[in-house]
Amino acid sequence: MAVVEFDGVAKRFGTVTAVEDLSLAVEEGEVYGFLGPNGAGKTTTFNLLLDFVDPSRGSVSVFGRDASTESTYIRRRTGVLAEDYGMYARLTGREHLRFAIRTKDAADDPADLLERVGLRDAADRRAGSYSKGMRQRLAIAVALVGSPDLLVLDEPSSGLDPNGGAMFRRLIREERDRGATVFLSSHLLEEVQALCDRAGILSDGRLLVEGTVDELLARATVRPKMTVEVDRIPDTLPRALGDVDGVSEVTTREDSRELDVRCIDGQSKFRALSAVVESSAELVDFETAAVPLNEAFQQITDRATDGGGDD
Amino acid sequence: MWNDVAWKEFRDALRSRSVVAASVLLVALSLGALGFELVRGVTPESPTRLLFLLGGVFSWAVPIIALVTTYGAILHERSSGSLRFLLGLPNSRRDIITGKFLARSGAVVIPIVGSVAAVLAGMVAAGIPVPLSVYLPFLALSALLGAAFVGIGLAVSTLSTSGTRTIAAVVGLYFAFRLVWRVLLTFAVFLSYGYQPLERELPAWYFLVGRANPITAYLGATDLLSQPTDVTNFFVQTPSPSVAASVPSPWLELASLCLWGGLSLAAGYYRFSTTDLQ
């Protein structure tokens, strides 16, 4: 059963279209990740789900209920971390949680929740004195109140340090194992890859593709890049590298002794390095880089719009 | 739920410096009125004269305190993003408006009660008799004035996302109630009856239109309670006996205050519930 369902939804603000013809479903028990550059419409999508804004066209339903007319019911069963949320500077972390617990008629102990997000020591400090990371931890704790059936988290790990990020991933796995459905957005590919069963890529208010993260990456033509530095570049080297099995592209830069080699996997990187060693050039150094998310997006975006890229 | 919002809001308001400052100010002004009366010399008229003075002080200060502590209720939550926090929880927009109205009214009523209590304590200390049958209705009336202006401030708070425009609207409204209303009404009387209208009997419509203004309604109702014999309020005329029959006091004044509060609240709710949260 789909917990979240968007059906042909459009949202316009004046003449600006934030979301266009969006249809998507988040199934019960899955962790669904929303990827996309800033301004792609991720936050508007969450705003529509939470009835912060009304759709211009189409319908949004959550738990089979209409998101506009039965929003309170929906939010009673949902844990929310909205983007650009603010805390009450004069209330403490514990008071924020007490308020959320009372509002949701939940039975949680604020101390347990603060412990889960690593804020126990700051429980009785006013939120106005919290750092951005601490506010984000508090917001995550608030979202967990009442063991919600659905978690809606807009850029949940923004502002978190690496420890906080690891804590967040652990919490999401715990919530999923408990049976919660999770709908989150992120601009970190690694995070979506580590957490999400499925992901969708949003660009210019349209859902371009959906699938597992590996499927999405396979659809992108950009391969991980390896930079190889040699003492000199013989004329034959680029061609020889290009012939290596699994190497998709070789580029050289002028006035440089570095080559950029794109390989489909680790094996082909090793074969490419072997080819360098066997050539007449000396290998000086090499470096590999992950696919930058925006590059992968760009490829999928360009192909979806038939190559007519309008940035 | 609305009661959770109200509690959160109330607790938050009590820690706000502007609310504390407003309370101190109102208590100080009220004790100032008491001091003035003591300096002037205590007479049997003192309790009612003091009530009249307090009414005057409150008619100026309470609307300002209510507007200043309320105009940001929605506006500031919108700009700080805490509205997104509030609406991420299962609060409906009606819960938010209701809770805020109750909490902010409470935050305005507390200094009113404090001021009246301080004055009454001072009166007891100075040996002035305390007619509770007059002072308790006065307290309720002043609370109603505060609540009406909290409703008005809340409605203004939902109008715009711009702080400057909202402040301009608040200042404009205060002047409209305090001054413009009365000036226009006086012009209307001049137009109808020629100059020097106060020489003759003011018509019933002068009082009906005049007391549709919540501040005038409050002053009119206070006059009914204090029945001052040796002082008159520049801002409020008393209907002559032949006209008084057509002026349904105190129901007119009470209805004016209740309607201002209630209708503002309804307008604020309508506006808030139909606006996208951006």
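Each chain gets a letter, A, B and so on, in the order its sequence line appears, and its residues count up from 1.
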| task | Answer yes or no: does atom CZ of B:Arg165 have more than 12 heavy-atom neighbours from other residues, nucleotides or ligands under 6.0 Å? | result | no

| query | Looking at A:Leu81, A:Leu50, A:Val80, A:Asn47, which one forms a side-chain contact (heavy atoms from CB on, under 4.5 Å) with B:Arg84? | reply | A:Asn47

| said: Ignoring hydrogens, what is the shortest heavy-atom contact between B:Pro90 and A:Thr72? Give both atom names and the distance. | reply: O-CG2, 3.4 Å

| Other residues, nucleotides, ligands: >12 heavy atoms within 6.0 Å of A:Tyr73 OH | yes

| said: Heavy-atom count check: over 12 atoms from other residues, nucleotides or ligands less than 6.0 Å from A:Arg120 CZ? | reply: no

| More than 12 heavy atoms of other groups within 6.0 Å of B:Trp181 CH2 | yes

| Working for side chain to side chain contact (heavy atoms under 4.5 Å, CB included), residues B:Leu86 and A:Tyr88 | CA-CA 10 Å; B:Leu86 211 49; A:Tyr88 295 98; 3.4 Å; yes

| query | Which answer fits A:Arg77, side chain, backbone, both or neither, if we ask what part of it has an atom under 4.5 Å from a heavy atom of chain B? | reply | neither

| task | Look up atom OG in B:Ser82 and atom CG in A:Asp84, then write down how far apart they are to the nearest 0.5 Å. | result | 12.0 Å

| query | Taking A:Met87, A:Lys104, A:Arg76 one by one, which has the highest count of heavy-atom pairs under 4.5 Å against chain B? | reply | A:Arg76

| task | Answer yes if the side chains of B:Asn3 and A:Arg102 hold a donor-acceptor pair under 3.5 Å, and no otherwise. | result | no

| field | A:Phe52 side, atom CZ; B:Leu83 side, atom CG - distance, nearest 0.5 Å | value | 8.0 Å

| query | For chain A, which residues of residues 137-147 of chain B have at least one non-hydrogen atom nearer than 4.5 Å to it? | reply | none

| field | Ring geometry between B:Phe85 and A:Phe99 (parallel below 30°, tilted from 30 to 60°, perpendicular above 60°) | value | tilted

| Proximity breakdown for A:Ser71 and chain B, heavy-atom pairs closer than 4.5 Å | neither

| Atom group of B:Ser16 that falls short of 4.5 Å from chain A, counting heavy atoms | both

| request: Count the heavy-atom pairs under 4.5 Å between each of A:Gly86, A:Ala139, A:Ala82, A:Gly79 and chain B, then report the option with the highest count. | output: A:Gly86

| Closest non-hydrogen atom pair between A:Arg90 and B:Asp12, with its separation | NE-O, 3.1 Å

| task | Over all heavy atoms of both residues, which pair between B:Leu89 and A:Arg75 is shortest? Give the atoms and the distance, please. | result | O-NH1, 2.8 Å

| message | Just checking B:Arg94: does its CZ atom have more than 12 heavy atoms from other residues, nucleotides or ligands closer to it than 6.0 angstrom? | response | no

| query | Say you draw a straight line from CZ of A:Arg98 to CG of B:Asp4; how long is it, rounded to the nearest 0.5 Å? | reply | 13.0 Å

| field | Main-chain N/O of A:Asp54 paired to B:Asp276 side chain as donor or acceptor, under 3.5 Å | value | yes

